[in-house]
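The first residue of the sequence shown is numbered 1, and numbering continues consecutively from there.
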Amino acid sequence: MILTQKTQSGSESGQPCLCFQKSPFSRLVVKTYMDMDQDSEEEKQQYLALALHLASEFFLRNPNKDVRLLVACCLADIFRIYAPEAPYTSHDKLKEIFLFITRQLKGLEDTKSPQFNRYFYLLENLAWVKSYNICFELEDCNEIFIQLFKTLFSVINNSHNQKVQMHMLDLMSSIIMEGDGVTQELLDTILINLIPAHKNLNKQAYDLAKTLLKRTVQTIETCIASFFNQVLVMGKSSVSDLSEHVFDLIQELFAIDPLLLVSVMPQLEFKLKSNDGEERLAVVKLLAKLFGAKDSELATQNRPLWQCFLGRFNDIHVPVRLECVKFASHCLMNHPDLAKDLTDFLKVRSHDPEEAIRHDVIVTIINAGKKDLNLVNDQLLGFVRERMLDKRWRVRKEAMMGLAQLYKKYCLHHEAGKESALKISWIKDKLLHIYYQNSIDDKLLVEKIFAQYMVPHSLETEEKMKCLYYLYACLDTNAVKALNEMWKCQNMLRGLARELLDLHKLPTSEANTTAMFGKLMTIAKNLPDPGKAQDFMKKFNQVLGEDEKLRLQLEQLISPTCSCKQAEQCVREITRKLTFPKQPTNPFLEMVKFLLERIAPVHIDSEAISALVKLLNKSIEGTADDEDEGVTPDTAIRAGLELLKVLSFTHPTAFHSAETYESLLQCLKMEDDKVAEAAIQIFRNTGQKIETELPQIRSTLIPILHQKAKRGTPHQAKQAVHCIHAIFHNKEVQLAQIFEPLSRSLNADVPEQLITPLVSLGHISMLAPDQFASPMKAIVANFIVKDLLMNDRVSILMWCSALSIYECLWETKMAIKLLVRWLLGMKNNLSKSANSTLRLLSAMLVSEGDLTEQKKISKSDMSRLRLAAGSAIMKLAQEPCYHDIITPEQFQLCGLVINDECYQVRQIFAQKLHVALVKLLLPLEYMAVFALCAKDPVKERRAHARQCLLKNISVRREYIKQNPMAHEKLLSLLPEYVVPYMIHLLAHDPDLTKPQDLEQLRDVKECLWFMLEVLMTKNENNSHSFLRKMVENIKQTKDAQAPDDPKANEKLYILCDVALFVIANKSTSCHLDSPKDPVLPSKFFTPPDKDFINDKEYLSPEAKIVLQTGKIQQTGVLGAVNKPLTVTARRPYIKTPTSDTVSNASTNSQPSSPATNKSRFVLIRIYLLFIHCDVEETAQPSGKKRAAPASDGTENSVSSNPSAGSQPPANKPRRGRPPKNAAGVATPDKEAGATTGGGAGRGRKRAAPAQDPATAASADSISGKTPKQQKEAEPKRAAPQRQIDLQR
């Protein structure tokens, strides 16, 4: 009462707050209520009036905050004391009181305030008593709760201790858990603190809301589900201001407790199927975070949602697919168990039409692999491997760089053990395989990867060479070839740079400027974007001409004696000189850097070679870590020598040291033939100064080389002879010391000791023709031709082992090669030996490899000899003096080898032909041979031939562009000039027996188009009209091979009409005027006769339809019945049983047959020609032409004039393409074992020559017998013998 009176008096005096604040009665009132408990009924009644008075407007709206604080504390105690019934009965009064108390809680914000303890007491009291629960009885209690929650979330900060946060949580959680529900406005008050913008502003409010939701999850989950249901499913975005942040809220709620979203997740599955792409994208982004979270189990707990999400990998909307791919990276790293589910979808996306998606698939897999290789399976790595061949450079680059990083981390640094290194051991091979691609960007990237990731140039020399040594030993064959090619290209560029610097030293002239331009253009082709590179290289050349110091730096960089450290310093100096500080980007400098990176020797120098040799010595001694590196010592030694051999081509100066040569001498004494051969080749490439500077090495090396040349393997003998010729000054003496004993010891009866001498003698005669021309001629006539080639040695050795027969045939091949090398050494035909050799080789091709025609050589061995003969003619054609004497008939025989019945013969011959043509060693006419590849039954062979054509045509056109002098030799260089040779060759194709036959015409058209398609890819300089004009000119001439043969000329004209038809149908500009008048080769075509105008149409309308459509009209039923079973002029393609394939004998021919006698006569004549060079002049008058071949293409240059009374020789079956209706195509693998098996895989069996119907019955029994007769003849065939495979 006293307090009441004082208060009233204070009020009357106008200073109520001051009185209540300063008088001891205020503290007494507060303390009184603090000490009072609920059990004091008397005191409760005694202070009831005071309690009511404290809730008056006078106190609740008091301007003094301290007064309001004391009043709020008292009111809180009043609610505690009078609980559960408050002394205030008016709902409005209760609302006013609680809003007043809520406003006072804002004082909790300042923890440094002197009144903070009072505020804390207020909060504690309210939380402990749960005073706000009284408000549940009020109709508008939600306003109070919202205000309370907002106040608490706004005042909490990082200066509050745990107790403050706990009391706040108690206060709010009691309201949520004990109420009838949470309204949307109250829920918004909580959830707004989870939005990223608010979360970043007040982290403590976020933590408070997070903890509150965890505590009240069971109660509030229903309210949350209702909110999301209205927004997501019903689309009522107006129910809350947070509707636009719904996905952010789901992510935060899921991170707080997944139970909060138990009912919400199915709603997201509905959203994933929305028609709105942007909405699907938002849901995908959300679920990606939920599924990819580190501890998330959503994928396993909600499989339907997971499967629905995976379906978005195939979404039509590109950003959705892109987001799914990005998610996969986090998923792989955080949930390896889901990798299996993701693999199939990533496979599809790795082939996505969008470049960005394919790129991100690679990034996803590589990032996961860099974190832990076990996170990515072999399939995922396989997707990255496939993308190394992507059509887009950005994707290819990412794939290659990613795999290179994995290789360096796990294979080079072994960060995850040997198992992981073994898992990705294929990376090194696949990366190097990319060097086979045509793009210069790919090649440059492979070089960069090799220098930075596979063999890092920053390593110390010993460590760097150890990496290279064992890398080379572990690479597959194709990768080794690619690496070798990479070094050769870099060495070629160094050579071009050296030549450019040499030109700078010469006086300025027009020729010098032209030569410089050619070098610069060649260099530019080996840099990215050749168009821009040309301009930059011109600018760089100008800078070189002006800056002498820059030239000196570049000269030192490409010097053979430049060390790796010096190279890095030179690159830095040149880069510094070309840097312009004011230029943010300098494409000129970048291009020069590309050039410097390619020509700088950052791996190999003298120190590096010494380190490699030491590693090789350790492998030989058995002290190296070969087994630990995953290779056997033998493999390491062989690979190490091969590596040194390749480097001896590109860095010969680095080998010049006694220590290196001593180690190589040790290798020469090893039993491994390959090791010794490689060591000899290294000496050959690097030993030019041995004789003058290292006499000790010379004295030890000479006896070893002599021994290898006499008794080593054929390859060792070849290298030994070339080594002696290359590094010794007295090579004539050394070669003579080898030649004389070998020539005396030749013995045909000991085949196993004959091969090496033949090789050595052949190479000696090629390297020193003047010294050994005379003795070699005697050896060729008396031993090579007489004892080896003409003698039926197979019959003599029939009682011997199969190995002896094989060696005998190997001798025959070596004898052929010796003849060719001898002729290549002489480089003249004064003795007419070349004519005789060509006749011998032609006879071998005509007899299908069996010169004696005794049918005692296996099919595979005959194939080897055919290949040797064809290759020999092609080798001789590379020498101009011999090319001029090769007749058209011999050229045709050589060309037909590309249609041989044996797959390996076709394969090897085509490769040799391509290599010689691409090096511009063979005349242009030999490129026409590739047209015959259209008849090859194996698709891969046709594809390879087409690639060879593309490469050869490209090389020739580029050569013409780069060499101005080449315009004077267009007849032998311009690819279009191959067409006359092709038409002439096809006109003499043995398959073309009936030129008007529709099927044969279709085959001819395929051959013509096989070549013309490549030639007509671009119409450069109106080349299409040039081709048309050329073919029209051919039609006005005659076949020089048989000018008086109407059938031969008719074939030629039909071929011309087919070619004109093809050109006209494939080009719209071929009817324009030709830029120049084509010149035809006089060797194949007669000069045009001015009185002869050939305007006849040789193609029937039906033939034109067939050529146009490629389909032959089906014959009627009666026609089919009456049609003869076989064509008289064509040998039917009949599958030969296995017993025929391996048999050395034949029941169809007798040793005394006319054909055999004919071949015998040919061989005798050839032998006589070798002994007496004037026999040819005696037998054939000078200047007289050979007899023209028959119109069926039979070659007559190897036959002599038989007696008038003799019977015509039996027609020899030639290899030709099987008919279209022949059964299935055999695989190359099956062809490897048998050369005459059935099916198209065997290749062409040239068609038999045309024969008279009267004599058709006496032809080869294979073409004459019916299937029934053949079946009856089977038991009569010889027993099969073991066939030696061509690849043995």
**Message:** Tell me whether His317 contacts the main-chain N or O of Asp276 through its side chain, where contact means a donor paired with an acceptor under 3.5 Å.
**Reply:** no
**Asked** Under 4.5 Å between any side-chain heavy atoms of Val262 and Leu259, yes or no?
**Response** yes
**Message:** Looking at every non-hydrogen atom in both residues, tell me the closest pair between Leu105 and Leu148 and how far apart they are.
**Reply:** CD1-CD1, 3.6 Å
**Message:** Side chains of Glu178 and Lys130, heavy atoms from C-beta outward: is any pair under 4.5 Å?
**Reply:** yes
**Message:** Less than 4.5 Å apart, side chain to side chain, heavy atoms only: is that true for Trp306 and Leu298?
**Reply:** no
**Request:** Given side-chain contact (heavy atoms from CB on, under 4.5 Å), test Val155 with Thr151 step by step and report yes or no.
**Result:** CA-CA 6 Å; Val155 300; Thr151 301; 4.3 Å; yes
**Request:** May I ask you to test the Ile250-Phe228 pair for a side-chain heavy-atom distance under 4.5 Å?
**Result:** yes
**Message:** Ignoring hydrogens, what is the shortest heavy-atom contact between Arg394 and Ala356? Give both atom names and the distance.
**Reply:** NH1-CA, 4.0 Å
**Request:** Look only at the side chain of His351 and the backbone of Lys347, and say whether a donor-acceptor pair between them is shorter than 3.5 Å.
**Result:** yes
**Message:** Pairing donors with acceptors under 3.5 angstrom, does anything connect the side chains of Thr102 and Tyr132?
**Reply:** yes
**Item:** Donor-acceptor pair, side chain of Asn302 and main chain of Leu305, under 3.5 angstrom
**Value:** yes
**Asked** So, Ser174 side chain and Leu171 main chain: donor-acceptor pair closer than 3.5 Å or not?
**Response** yes
**Prompt:** Are Asn202 and Leu208 close enough, and set up right, to give a side-chain contact (heavy atoms from CB on, under 4.5 Å), and what steps lead you there?
**Reply:** CA-CA 10 Å; Asn202 193 343; Leu208 182 62; over 6 Å; no
**Message:** With heavy-atom distances below 4.5 Å as the criterion, would you say the side chains of Val264 and Phe254 are in contact?
**Reply:** no
**Request:** For Asn314, enumerate each residue passing the side-chain hydrogen bond (donor to acceptor under 3.5 Å, both in side chains) test, keeping only those at least two apart in sequence or located in another chain.
**Result:** Arg349
**Asked** Atom CD of Glu398 and atom CD1 of Ile362: how far apart are they, to the nearest 0.5 Å?
**Response** 6.5 Å
**Request:** First locate atom CE of Met168, then atom CD of Gln204, and finally report the distance between them rounded to the nearest 0.5 Å.
**Result:** 11.0 Å
**Request:** Run the numbers on Tyr119 and Thr111 for side-chain contact (heavy atoms from CB on, under 4.5 Å), then give the verdict.
**Result:** CA-CA 9 Å; Tyr119 288 113; Thr111 56; over 6 Å; no
**Item:** Identified side-chain contact (heavy atoms from CB on, under 4.5 Å) counterpart of Leu380 within the set Leu342, Leu375, Thr343, Ile366
**Value:** Thr343
**Request:** May I ask you to check whether His330 and Phe291 place their ring centers less than 6.0 Å from one another?
**Result:** no
**Prompt:** Between the side chain of Asn334 and the main-chain N/O of Gly292, is any donor-acceptor distance below 3.5 Å?
**Reply:** yes
**pair Leu108-Phe116: side-chain heavy atoms closer than 4.5 Å** = yes
**Asked** Any side-chain heavy atom of Asp248 within less than 4.5 Å of one from Leu194?
**Response** no
**Request:** Report yes or no: does Asn229 contribute a side-chain atom to a donor-acceptor pair with the main-chain N or O of Ala225 at less than 3.5 Å?
**Result:** no
**Item:** Distance-minimising heavy-atom pair for Lys371 and Lys409
**Value:** N-NZ, 4.4 Å
**Rounded distance [0.5 Å steps], CD1 in Ile156 versus CD in Glu109** = 11.0 Å
**Asked** Within a radius of less than 6.0 Å around CZ of Phe270, do more than 12 heavy atoms belonging to other residues, nucleotides or ligands occur?
**Response** no
**Message:** Is the shortest side-chain heavy-atom distance between Leu212 and Phe149 below 4.5 Å?
**Reply:** yes
**Item:** Residue pairs, two or more places apart or on separate chains, that pass salt bridge (Lys or Arg N to Asp or Glu O under 4.0 Å) and touch residues 298-322
**Value:** Arg280-Asp315, Arg303-Asp341, Arg312-Asp315, Arg321-Asp352
**Item:** NZ-CD distance between Lys285 and Glu323, expressed to the nearest 0.5 angstrom
**Value:** 5.5 Å
**Message:** Quick test of your reading of the model: are Arg215 and Asp170 salt-bridged, counting only N-O distances below 4.0 Å?
**Reply:** yes
**Message:** Quick test of your reading: applying salt bridge (Lys or Arg N to Asp or Glu O under 4.0 Å), list the pairs with at least one residue in residues 185-203, sequence neighbours left out, ordered by first then second residue.
**Reply:** Lys199-Glu252, Lys203-Asp207
**Item:** Sequence neighbours excluded, every pair satisfying salt bridge (Lys or Arg N to Asp or Glu O under 4.0 Å) that has a member inside residues 146-161
**Value:** none
**Asked** With no hydrogens and no angle check, is any side-chain donor or acceptor of Ser226 less than 3.5 Å from a backbone partner on Thr222?
**Response** no
**Request:** Quick one: do Arg358 and Ser350 satisfy side-chain contact (heavy atoms from CB on, under 4.5 Å)? Show the steps, please.
**Result:** CA-CA 5 Å; Arg358 300 197 304 274; Ser350 68; 5.9 Å; no
**Message:** Would you call the rings of Phe120 and His167 parallel, tilted or perpendicular, taking 30° and 60° as the class edges?
**Reply:** tilted
**Request:** Looking only at non-hydrogen atoms, find the nearest pair between Phe309 and Val284 and report the distance.
**Result:** CE1-O, 3.7 Å
**Message:** Working to the nearest 0.5 angstrom, can you tell me the gap between Lys210 NZ and Lys214 NZ?
**Reply:** 5.0 Å
**Request:** Taking all heavy atoms of Ser420 and all of Tyr410, pick out the closest pair and write down the distance.
**Result:** CB-CD2, 4.5 Å
**Under the salt bridge (charged side-chain N to carboxylate O under 4.0 Å, His left out) test, residues paired with Lys370 that sit two or more places apart** = none
**Request:** Scan for salt bridge (Lys or Arg N to Asp or Glu O under 4.0 Å) pairs involving residues 222-235, sequence neighbours excluded, and state none if there are none.
**Result:** none
**Prompt:** Just checking, is any N or O donor in the side chain of Ser159 or Asn157 under 3.5 Å from an acceptor N or O on the other one?
**Reply:** yes
**Message:** For Thr364, is there any backbone N or O sitting under 3.5 Å from a side-chain donor or acceptor partner on Asn367?
**Reply:** no
**Asked** Which heavy atom in Ala205 sits nearest to a heavy atom in Phe153, and how many Å separate them?
**Response** CB-O, 3.5 Å
**Request:** Enter the distance from Leu310:CG to Asp344:CG here, rounded to the nearest 0.5 Å.
**Result:** 10.0 Å
